[in-house]
Amino acid sequence: MKVLVISGFLGAGKTTFIKQMVETTKREYVIFENEFADINIDGDILKNELDNKSVEVWEMSNGCVCCSTKADFSASLIVIENSLKPDFLIVEPSGVAILSNVISNIQAVEYDQIKLLNPITIVDCSTYFKYKNKYNDVFIDQITSTTNVQLSKTEFVDKNEIELICKDIQTLNPKVQIFKEDYHNEDINYWNNLFDGELVKKEKEDIVISNQKLQNMSYTNSKCSSIESLIYFIDKIILGYYGNICRAKGIFQYSNFYIRFDLVDSNYELLFIEKKETNDVIFIGNDLKKDLLKNELEKL
C-alpha cells in the first residue's frame, strides 16, 4: 500500500483536488479523512460525489492524525492495509494539521507493505500571504515538510503575485517542486508523477507544537428561511460579527432544496443541490462567539 499525504491549509482545496485525482486516474483508493471539527463535511461530500466503487472513505473526526490520536491513526493504517489492501491510501489531514507530525506518524509504521510517497501541499494563492503571516507555524510547516506544491485558485490572483508566491515558497523550501497550472487540465502523466517519487526520508522525528489555537463550532440540522437571510448571515461572518472566522462550510436546508456553502476568508460560494447529504455546518477560526452564532443559526 502506497500512502500519499495531501495537505493544505483551511480552504486550500484538498477535497476538490482528491475528487479530480480519483476521476482522472480511475485507480483503487482508500481515502483517510481527518476533519478538524467534530463532524466531517468533506467525508460526506466525497462519499456522495465520487461515483467510483473502487474508492472507500475512512473518517476520523474530533481528533488529529498529527498528535492526539497518534495511536488510533497508526492502528487505522495497519487495519486498512491488512483488511482492504488498496493500491493507494490517500491521507487528507485537517487544514490545521502539522504536516511534519503526520509524516512522522506514518513513518512509525512504515515497512515493506506500507510505503510513504512524497507528500503534496495545496496552496491557495488568494490567501497565501495573509494566512502565512497569521497562522505561520502550521502554514509554514506544511510547505517546508512537503516535496510538491500545487497552487490553487490562481484565477483570482495576477501573474506577478503568483511569481512572488512561488519565490516565497522556494525561499522556505528550496527543493520543493511547484505546479502552477490548473490540475483539472492535466493528463494522466501529471497524476502518475505524484505516485512515482522517492519515499520521504526519515529526517524529522520531533513533534512540533503549534501556539496558534484555532477553535471550531459545528451546528446540525441547519436551515434558512430565505436566500437573503443566508447571504446577510454570511456577510456578518466576513465582517467579523461572530469572531475571526477564516473557514466555514456545510449545507443549509431551504424549502425543498439544499444549499451548499463554502467560505474561505472573505470569499464564499453558494450552490443549490437537490441531493441531501447532511445539512450540517462548521465554523473554524479564533475568538468564536459560539452562543451568538448558535442563536443566529436558530433564527435563520
Side-chain angles (χ1 to χ4, degrees), residues 6-19 31-49 57-66 68-69 92-97 122 124 127 131 134-135 138-139 210 212-224 229-254 258-271 273 275-300:
I6 299 176
S7 72
F9 200 71
L10 297 168
K14 299 185 294 298
T15 302
T16 303
F17 181 84
I18 292 173
K19 283 167 53 182
I31 301 172
F32 197 107
E33 280 276 347
N34 173 221
E35 185 61 82
F36 177 69
D38 55 1
I39 55 176
N40 197 334
I41 300 291
D42 289 338
D44 288 332
I45 291 174
L46 283 170
K47 287 177 181 178
N48 284 279
E49 293 192 358
V57 179
W58 280 47
E59 302 175 29
M60 177 182 287
S61 295
N62 211 16
C64 178
V65 298
C66 69
S68 61
T69 53
E92 181 187 358
S94 157
V96 293
I122 312 299
D124 179 353
T127 58
Y131 283 179
K134 197 167 188 177
Y135 308 103
V138 174
F139 194 96
S210 170
Q212 294 157 337
K213 301 298 183 182
L214 289 174
Q215 301 169 295
N216 77 87
M217 174 187 164
S218 60
Y219 185 83
T220 60
N221 195 28
S222 48
K223 300 178 182 180
C224 66
S229 64
L230 178 57
I231 292 176
Y232 181 59
F233 172 70
I234 295 174
D235 285 341
K236 290 168 75 174
I237 293 177
I238 294 171
L239 292 172
Y241 187 72
Y242 309 108
N244 183 20
I245 295 176
C246 61
R247 183 76 167 108
K249 58 185 176 181
I251 294 174
F252 286 91
Q253 183 179 356
Y254 169 60
Y258 293 85
I259 303 173
R260 179 184 299 154
F261 95 106
D262 194 300
L263 179 145
V264 179
D265 194 36
S266 60
N267 301 308
Y268 70 90
E269 293 181 349
L270 297 176
L271 178 66
I273 57 175
K275 183 178 180 181
K276 179 181 178 181
E277 293 161 350
T278 53
N279 53 313
D280 303 326
V281 291
I282 60 173
F283 306 88
I284 302 173
N286 292 322
D287 303 319
L288 297 187
K289 299 177 182 178
K290 295 185 178 182
D291 290 338
L292 182 58
L293 258 176
K294 182 180 178 182
N295 289 336
E296 299 247 348
L297 286 164
E298 289 173 351
K299 297 175 183 177
L300 198 60

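Just so you know, these numbers use all the heavy atoms, side chains as well, and skip hydrogens, waters and symmetry mates.
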Student: Rounded at 0.5 Å granularity, tell me how far CG in L263 sits from CD in E269.
Tutor: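 If I round to the nearest 0.5 Å, the distance is 10.0 Å.
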Student: First locate atom CD1 of I6, then atom OG1 of T15, and finally report the distance between them rounded to the nearest 0.5 Å.
Tutor: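 Result: 9.5 Å between the selected atoms.
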Student: Can you tell me if S222 uses its side chain to pair, donor with acceptor, with the backbone of I251 under 3.5 Å?
Tutor: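 A pair under 3.5 Å: yes.
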Student: Please test K294 against M217 for side-chain contact (heavy atoms from CB on, under 4.5 Å), starting from the C-alpha separation and ending with a verdict.
Tutor: CA-CA 9 Å; K294 182 180 178 182; M217 174 187 164; 3.9 Å; yes
Student: Quick one: pull up CG in L271 and CD1 in I273 and give me the separation to the nearest 0.5 Å.
Tutor: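 Rounded to the nearest 0.5 Å, the CG-CD1 separation comes out at 7.0 Å.
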Student: Spell out, as yes or no, whether a donor-acceptor pair under 3.5 Å connects the side chain of R247 to the backbone of F283.
Tutor: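 No: the side chain of R247 does not pair with the backbone of F283.
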Student: First locate atom SG of C224, then atom CD1 of I259, and finally report the distance between them rounded to the nearest 0.5 Å.
Tutor: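 Reported value, rounded in 0.5 Å steps: 4.0 Å.
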Student: With a cut-off of 3.5 Å and sequence neighbours excluded, list every side-chain donor-acceptor pair involving residues 234-244.
Tutor:
{"unit_1": "K236", "atom_1": "NZ", "unit_2": "E296", "atom_2": "OE1", "d": "3.1"}
{"unit_1": "K236", "atom_1": "NZ", "unit_2": "E296", "atom_2": "OE2", "d": "3.1"}
{"unit_1": "Y242", "atom_1": "OH", "unit_2": "E296", "atom_2": "OE1", "d": "2.8"}
{"unit_1": "N244", "atom_1": "OD1", "unit_2": "K134", "atom_2": "NZ", "d": "3.2"}

Student: Would you find a donor on one side and an acceptor on the other, under 3.5 Å apart, between the side chain of K14 and the backbone of G8?
Tutor: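 Looks like yes, one N/O pair under 3.5 Å.
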Student: If you apply the rule side-chain contact (heavy atoms from CB on, under 4.5 Å), what do you find for F261 with V281, and how did you get there?
Tutor: CA-CA 9 Å; F261 95 106; V281 291; 3.6 Å; yes
Student: Any side-chain heavy-atom pair from L300 and K223 closer than 4.5 angstrom?
Tutor: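 With C-beta onward as the side chain, the pair stays apart.
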Student: What residues, two or more places apart in sequence or in another chain, satisfy ring pair (Phe, Tyr, Trp, His ring centres under 6.0 Å) together with Y131?
Tutor: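 Ring pair (Phe, Tyr, Trp, His ring centres under 6.0 Å) check on Y131 returns F9, Y135.
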Student: Which of these, T127, V264, L10, sits in a side chain to side chain contact (heavy atoms under 4.5 Å, CB included) with C246?
Tutor: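 Result: among T127, V264, L10, L10 is the only option passing the side chain to side chain contact (heavy atoms under 4.5 Å, CB included) with C246.
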Student: Can you tell me how far CD1 of I245 sits from CG of L288, rounded to the nearest 0.5 angstrom?
Tutor: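 Result: 5.5 Å between the selected atoms.
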Student: Could you measure the distance from the CG atom of D280 to the CZ atom of F252? Nearest 0.5 Å is fine.
Tutor: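 One finds 10.5 Å between CG of D280 and CZ of F252.
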Student: Set out, in order, the CA-CA distance, both residues' side-chain angles and the distance that settles side-chain contact (heavy atoms from CB on, under 4.5 Å) for I18 and I31, then state yes or no.
Tutor: CA-CA 9 Å; I18 292 173; I31 301 172; 3.6 Å; yes
Student: Hey, mind stepping through N295 and L297 against side-chain contact (heavy atoms from CB on, under 4.5 Å) and telling me if it holds?
Tutor: CA-CA 5 Å; N295 289 336; L297 286 164; over 6 Å; no
